[in-house]
Amino acid sequence: MQMERTATVRATTYDFDAVEQKWQRVWDEQQLYRVYEDPSKPKYYCLEMFPYPSGKLHMGHVRNYSIGDVVARYKRMRGFNVLHPMGWDAFGLPAENAAIQHNIHPSSWTWDNIDYMRQQLKRLGISYDWSREVASCHPDYYRWTQWLFLQFYKAGLVEKKRAPVNWCPKCQTVLANEQVVDGCCERCDTPVTVRDLEQWFFRITRYAERLLSELDELQGWPDKVKIMQRNWIGKSTGVEIQFPIKGMDEALAVFTTRADTIYGATYMVIAPEHPLVPRLIADSPDRAAIERFIEDVRRQGEIARAAEDAEKLGMFTGSYCVNPFTGEEIPIWIGNYVLMGYGTGAIMAVPAHDQRDLDFARRYGLPVRVVIAPPSGDLPDAATLTVAYAEDGTMVNSGPYTGLPNREGLERIADEVERRGIGRRRVQYRLRDWLISRQRYWGCPIPIVYCDHCGTVPVPEEQLPVVLPEDVSFKPTGQSPLVDKPEFVHTTCPQCGGPARRETDTMDTFVDSSWYFLRFCDPHNTGAAFTKDKVDYWMPVDQYIGGVEHAILHLMYARFFQMVLADLGLVTTPRPFERLLTQGMVLKDGAKMSKSKGNTVDPDHIVRTYGADTARLFILFASPPERDLEWSDAGVEGAYRFLNRVWRLVTDLANELGPLPQGPAPAGRDAAAEELRRVVHRTVKKVTQDIEDRFHFNTAIAAVMELVNAFYQYKESATEKDKAVVAEGLEKLVLLLAPFAPHLAEELWHTLGRGESVHLQPWPSYDPAAVESDTVEIVVQVNGRVRDRLWVAREASEAEVREAALALPKVQEHTAGRRLVRVVVVPGRLVNIVVGQ
RNA sequence: GCGAGAGUGGCGGAAUUGGCAGACGCGCCAGACUUAGGAUCUGGUGCCCUGCGGCGUGGGGGUUCGAGUCCCCCCUCUCGCACCA
């Protein structure tokens, strides 16, 4: 009984575990995916975003790497020299949290995770060249991150400046914007405040215009990502105008995109942090109250201040400006809705034509003056207006400009501003410089030394790396252990040899990930970050694949790096990623998988139960890559069943027919064989197009399933099988399957008696003549409704098709006694007969 | 609010240029094989109707011989941005 059952099981399913592990071992021994620069072959660089080693892979990773592996394997079969590397974005805060909470060193936590996740990736059978593996936390890597920092430094692209930053009072540390959730620290939920601190910045704003304009060159990027970057850079053109301050020689500079509304400016608003504030409020009787107000606003923090329902609050400074166009004295207010970080930190308020200004004006009873009339001519009533008129129109109440279309008036006013020397046209970007300082331990040390004599001194290149000391202990406060690690802090000045102090901040981990794709080109170089030859051979990345959550930060920083490195002559190509695919999320029960929701699916469990090929196939089949994917256990079963079906088909036919011929089959011996042959060739065509043109792996797999169904029909019904057609069909089937189910394909390739790896074979070709059949089915419609079908010769003329259609009894029924209006014939597709009453 | 994307059977999804809506898979139903079937193979399966046939791609209108696909209006959902002057 037991024996029989085992035998039955063996007859219907294959031992995926044995098959997969066997081939993984063989591929590894043969170093099948190892690549070298080979000028004789076209190169293809396929890259998936390297993961943070958080512990174990999640389904999003499995999806990301399955997609990438199809591309890599397909391109390899297409004859490309494919670089497909993997590494670890290994610095970051979770490692420190683990250290604090579980008393594990970030280093051992990270390396343990890497070991585990590498093993998972290998078990999935992803075709990486593992010899190129890098980890950004390894000194061999971060040494070159530091070196690049110094190149940026020399190029004047690094600066240290005071800046308002998010500060968590409980954790005693600065937080990145992305670590602030709803105005609170993501770790301890304490409300975040703003602090002015000396911080290191990359001057990415110098590249704002190029980062923006060169988005147009990125034809292979999704519009969504380009739009997000465009918005993030936030270019706006306007005019900076000086408003003289009454009783001071100083003028208040404002930036406006609506200089045409200057006659409607009835007050000014400056940011609480504005440097002129102390002088402006010096003589105010409310000075103490104003200072209290400013303190309140600052405590609020930038996040809370920018929140949707934030009230617009302000106080009058007691000082006045003169509107240079009207000559009027207008009051200067301090307002929480004006941000120091944008423009000049001061605005001219035009309440009639700006909703924010109108809200503020209504709250504090400030005057409203309409200066733009809508095209309808209905002048808004300044006294009752509740919705500002922000559209274009004709200028009114605007002195000599009255009557002009506002767009024209804007230019003329800008001209006048420049002529009178009270300002100039200006381009303003929302993009801010990239703050790279982090008060954290587990990051790349910033290679800077502070000397009392020489000031800020970069560490000389030959002294790199500045090694992160591992012998440190972690405090529950979260304060970096580097700060009170004397062996690290105390050093000598590289310039004068005197005592000096090391920078204890480390770099934002986005710096590490801004150049890893270059290191993959030359990962073991001990004398340089990379050599230009190798980078020039492999770069740019032909296909980059990852989650859309990196649409702005990582993908913009990487573009910035590549531009700078191209400017410095270190690389040739100015763009890092030629084509970008942003995959959708993996959902369960309609929601993103997360531990807190308890709806995660463990990749290890799936691989153990069904194997890697099943896991990969299901993920690729369930949804096209860009779309979200709904996880389904039943769907996984389906994928598993399909692979077993393929296995049975190939093994059964191989057993039944004995040794099979190789190569193309001539026309089939009978109609059934010929039909099978047609399906085979049609499937090759379809799968090729789906992969090549659209990355629609779900429909490619569906086509292979149809082929397998057709094969079963033939297998079950053909009395005498056409060996040549079957052999050719099985061969192509296995080749088509190779990128999707690499282990099973390899196994079956050998079942078919082939020696070399299936993954070294050329992609199958199809015979265009074999794809076409001699007859085609024509749909026959009457007044757009399908009434019948018709088989005609492929070459049938329009007239023949038309006559045949009109002669059909069912057509006659529906046209009898009615006037024939028109007959539309779409060759090879349909006939539509239009009849009147 | 602004920007982007999506809405198709019981479910995941397909329909590449305006030309058979629902490929393929899941689920369900039936048959075959079987001591047995939660294995396998085969067939069926959008909805309504006994049938002829009618209806059907979020809703409403339009263009067209013909619309899931193009145009206009509206609704819902997802994502991104959000006082950017």
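Each chain gets a letter, A, B and so on, in the order its sequence line appears, and its residues count up from 1. Since this is a predicted model, take the numbers as computed values, not measurements.
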Report all side-chain donor-acceptor pairs from residues 219-227 of chain A shorter than 3.5 Å, counting only partners two or more places apart or in another chain.
{"residue": "Trp221(A)", "atom": "NE1", "partner": "Phe577(A)", "partner atom": "O", "Å": "2.8"}
{"residue": "Lys226(A)", "atom": "NZ", "partner": "Leu218(A)", "partner atom": "O", "Å": "2.8"}

Which part of the nucleic acid, if any, lies within contact of Lys810(A), taking any heavy atom under 4.0 Å across all strands shown: a base, the sugar-phosphate backbone alone, or nothing? nothing

Can you list the residues that meet the side-chain contact (heavy atoms from CB on, under 4.5 Å) rule with Ala718(A), with sequence neighbours excluded? Tyr714(A), Lys721(A)

Output the rounded distance in Å from NE2 (His550(A)) to C1' (G80(B)). 15 Å

Please pick, from A15(B), G80(B), G25(B), the nucleotide with the shortest atom-to-atom distance to any side-chain atom of Met705(A). G25(B)

Please map the stems of RNA chain B, keeping only stretches of three or more Watson-Crick or G-U wobble pairs with both distances under 3.5 angstrom. B:1-7 with B:75-81, B:10-12 with B:24-26, B:27-32 with B:40-45, B:46-48 with B:53-55, B:58-62 with B:70-74

If you find the nucleotide of RNA chain B closest to Asp690(A) and the one closest to Asn644(A), which residue's nucleotide is nearer the 5' end? Asp690(A)

Starting at CH2 of Trp647(A) and ending at C1' of U40(B), how long is that distance when rounded to a whole Å? 13 Å

Relative to its sugar, using the 90° cut-off around 0, the base of G9(B) is syn

Which value, in whole Å, describes the distance between the C1' atoms of nucleotides G27(B) and G38(B)? 14 Å

Hits for side-chain contact (heavy atoms from CB on, under 4.5 Å) against Lys810(A), two or more places apart or cross-chain, chain-then-number order -> Asp788(A)

Looking at every strand, decide which applies to Arg787(A) at a 4.0 Å heavy-atom threshold: base, sugar-phosphate, or nothing. sugar-phosphate

Compute the ring centroids of Phe510(A) and Trp434(A), then answer whether they are less than 6.0 Å apart. no

List the residues meeting salt bridge (Lys or Arg N to Asp or Glu O under 4.0 Å) with Arg426(A), not counting sequence neighbours, and say none if there are none. Glu240(A)

C1' spacing across the pair U63(B) / C73(B), given as an integer number of angstrom: 15 Å

If the P atom of A67(B) is compared with that of G22(B), how far apart are they to the nearest Å? 16 Å

Which whole number of Å gives the distance between the C1' atom of G25(B) and that of U45(B)? 14 Å

P-based separation of A15(B) from A6(B) [nearest Å]: 13 Å

Rounding to 0.5 Å, atoms NE2 (His681(A)) and CG (Leu707(A)) come to a distance of 10.5 Å

Base, sugar-phosphate or nothing for Phe642(A)? Non-hydrogen atoms, less than 4.0 Å. nothing

Nucleotide U78(B), atom C1' - distance to CG of Leu587(A) in whole Å: 10 Å

Under 4.0 Å between any heavy atoms, over every strand shown, what does Arg645(A) touch: base, sugar-phosphate, or nothing? Just pick one. sugar-phosphate

Rounded C1' spacing from A21(B) to C47(B) in Å: 14 Å

Specify whether Phe16(A) and Tyr14(A) have parallel, tilted or perpendicular ring planes, treating 30° as the upper limit for parallel and 60° as the lower limit for perpendicular. perpendicular

Given the C1' atoms of G31(B) and U78(B), what is the spacing between them in whole Å? 44 Å

Distance check: side-chain N/O of Ser236(A) vs OP1/OP2 of A85(B), anything under 4.0 Å? yes

Produce a footprint string for nucleotides 26-34 of chain B: one letter per nucleotide, 5' end first; B if the base is under 4.0 Å from any protein heavy atom, S if only the sugar-phosphate is, - if neither. SS-------

Please write out the pairs of protein N or O atoms and N or O atoms of nucleotides 3-12 of chain B separated by less than 3.5 Å, giving the distance to one decimal.
{"residue": "G12(B)", "atom": "O2'", "partner": "Ala622(A)", "partner atom": "O", "Å": "3.0"}

Report the residues that fulfil side-chain contact (heavy atoms from CB on, under 4.5 Å) with Val779(A), sequence neighbours left out, ordered by chain and then residue number. Gln781(A), Val786(A), Arg789(A), Leu830(A)

Verdict with reasoning, Phe697(A) to Phe695(A), per ring pair (Phe, Tyr, Trp, His ring centres under 6.0 Å): CA-CA 6 Å; Phe697(A) 309 132; Phe695(A) 282 1; 5.7 Å; yes

Please identify each residue that fulfils ring-ring contact (aromatic ring centres under 6.0 Å, His included) with Phe621(A), with sequence neighbours left out. none

P atoms of G13(B) and A23(B), separation to the nearest Å: 15 Å

Considering only heavy side-chain atoms of Glu706(A), the closest of G19(B), A85(B), A23(B) is A23(B)

Hey, is the side chain of Lys592(A) pairing donor to acceptor with the base of U78(B) inside 3.5 Å? no

Check the distance between A85(B)'s P and Asp260(A)'s CG and give it to me in whole angstrom. 14 Å

For Glu675(A), give me all partners under salt bridge (Lys or Arg N to Asp or Glu O under 4.0 Å), at least two apart in sequence or on another chain. Arg678(A)

Does Gln355(A) place a side-chain N or O at less than 4.0 Å from the phosphate oxygens OP1/OP2 of A85(B)? no

Which is it for Asp357(A) and Lys312(A) under the salt bridge (Lys or Arg N to Asp or Glu O under 4.0 Å) test, yes or no, and what are the steps along the way? CA-CA 9 Å; Asp357(A) 295 343; Lys312(A) 290 177 182 52; over 6 Å; no

Got a salt bridge between Arg425(A) and Glu411(A), using NZ or NE/NH1/NH2 to carboxylate O under 4.0 Å? yes

Consider the side chain of Val826(A), meaning its heavy atoms from C-beta on, and name the nucleotide among A14(B), C41(B), G19(B) that approaches it most closely. G19(B)

At under 4.0 Å between heavy atoms, what does Thr344(A) touch on the DNA or RNA strands: base, sugar-phosphate, or nothing? nothing

Counting only distance, no hydrogens or angles, is the base of C20(B) paired donor-acceptor with the side chain of Arg829(A) under 3.5 Å? no

What is the separation between atom CD1 on Ile619(A) and atom C1' on G25(B), rounded to the nearest whole Å? 16 Å

For Glu311(A), is there an ion pair with Arg363(A) - N to carboxylate O distance below 4.0 angstrom? yes

Tell me, for nucleotides 60-65 of chain B in 5' to 3' order, what letter each nucleotide earns: B for a base near a protein heavy atom under 4.0 Å, S for only sugar-phosphate near one, - for neither? -----B

Within-4.5 Å side-chain heavy-atom neighbours: Arg258(A) and Val350(A): no

Looking at A85(B), C81(B), C20(B), which one has an atom nearest to any side-chain atom of Arg430(A)? C81(B)

Rounded to whole angstroms, how far apart are CD on Gln229(A) and C1' on C79(B)? 16 Å

List the steps and the verdict of side chain to side chain contact (heavy atoms under 4.5 Å, CB included) for Phe740(A) and Arg616(A). CA-CA 7 Å; Phe740(A) 304 103; Arg616(A) 298 166 52 139; over 6 Å; no

From CZ of Phe697(A) over to P of A14(B), roughly how many Å is that when rounded to an integer? 14 Å

Is the distance from OP1 or OP2 of A14(B) to the nearest side-chain N or O of Arg694(A) less than 4.0 Å? no

Run the side-chain contact (heavy atoms from CB on, under 4.5 Å) test against Gln355(A) and tell me which residues pass, sequence neighbours left out. Leu358(A), Asp359(A), Val387(A), Ala388(A)

